[in-house]
Amino acid sequence: MKNLIERAARDLINSSYAVALTGAGISTESGIPDFRGPSGIWTKDPEAEKRAYQTYHKFLTNPKEYWEERLARPLLGDLGKVEPNPGHYALAELEKMGILKWVITQNIDNLHQKAGNKNVLDYHGNYSKLRCRNCGNRFDSKGYNLEKLKEEGKLPPLCPVCTEPLKADVVHFNEPIPLDVAKQSREEVLKCDLMLICGTSAVVYPFAELPRIAKERRVETESKTESGLYLVKKISATTIIEINAEPTPLTYERISDYLIQGKTGEILPKIVEEVKIHSL
Ligand code: APR
């Protein structure tokens, strides 16, 4: 493990544009359960996952009931009280060092922003906002007293710009990824020469496509043979490093160059320490 941590530190130092992709696994050490790990929400309650596939349709057909169900049974509890863990802070440090350029997260918990990362793309949205599907505007949920709207029979909240019903800024199954986030995520993935993939089972699309897009990007390398011939080879432009409690399809399909198996909250800070030592 130590060698891989040193290797990841060297790869980060040598990178010119590193991007991190994260999933629920980076937040479990903050007390938020993941979905498909051994004690994940879907692992423990497959019926809850089946219900989750109906949520988007519920919003489209009955936004009032969508909000009543959402307020009655918040899936991840009160995220406002949850704090980042050393894994989040490590990624924030890498951004401060100018190494990590963007975090693209599937998590809606806002913990990367709370830890200090400024450049975060919320690929599956963010629990602290409401979003209008019609005009695309997002609003801080602090501006809405949803319980009061519920008591007064005034759900769903309406968009102040176009008066359409607002939904949570959370991407549900079968819901399209918001265009602005999808577009920039693809741009960042095509720019990066190093990708850290932290705490995701990498089974949910289109997010799981992002590492594959990075892997397909090729650059030409030139080498001289002993007989003086020049060899031009096309190699992957991006080094992909997985940090996860278990191997994933990215590991088995060799999309990732290597997996550092273990807890993100333990591994990421060690990588940052190594980066600091080798950057002196
Ligand atoms: N450190 C490293 N890996 C961890 C840790 C940890 N502390 N805790 C859990 N893991 C691993 C799990 O073993 C699992 O492989 O993180 C991964 C989490 O996978 P999922 O639970 O599937 O979460 P994620 O990949 O983010 O799910 C993607 O699915 O249900 C939807 O919208 C939801 O955004 C979510 C999406």
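Note that ligands are numbered from 1 as they come in the structure, with each ligand's atoms numbered from 1 the same way.
- Within a 6.0 Å radius of NZ in K263, other residues, nucleotides and ligands contribute 12 heavy atoms or fewer.
- For residues 4-47, the ring-ring contact (aromatic ring centres under 6.0 Å, His included) pairs, not counting sequence neighbours, are F35-W42.
- Between C192 and R217, the shortest heavy-atom distance links the atoms O-NH2, 2.7 Å.
- Panel note: side chain E164, backbone N134; no donor-acceptor pair is recorded below 3.5 Å.
- Protein residues with a heavy atom under 4.0 Å from ligand 1 are G23, A24, G25, T28, E29, D34, F35, R36, G37, W42, Q106, H124, F173, G199, T200, S201, V204, N244, A245, E246, G262, K263, T264.
- In this structure, a donor-acceptor pair under 3.5 Å is present between the side chains of D193 and S16.
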For the pair V275 and R10, evaluate side chain to side chain contact (heavy atoms under 4.5 Å, CB included) and give the outcome as yes or no after the intermediate values.
-> CA-CA 7 Å; V275 168; R10 274 199 309 277; over 6 Å; no

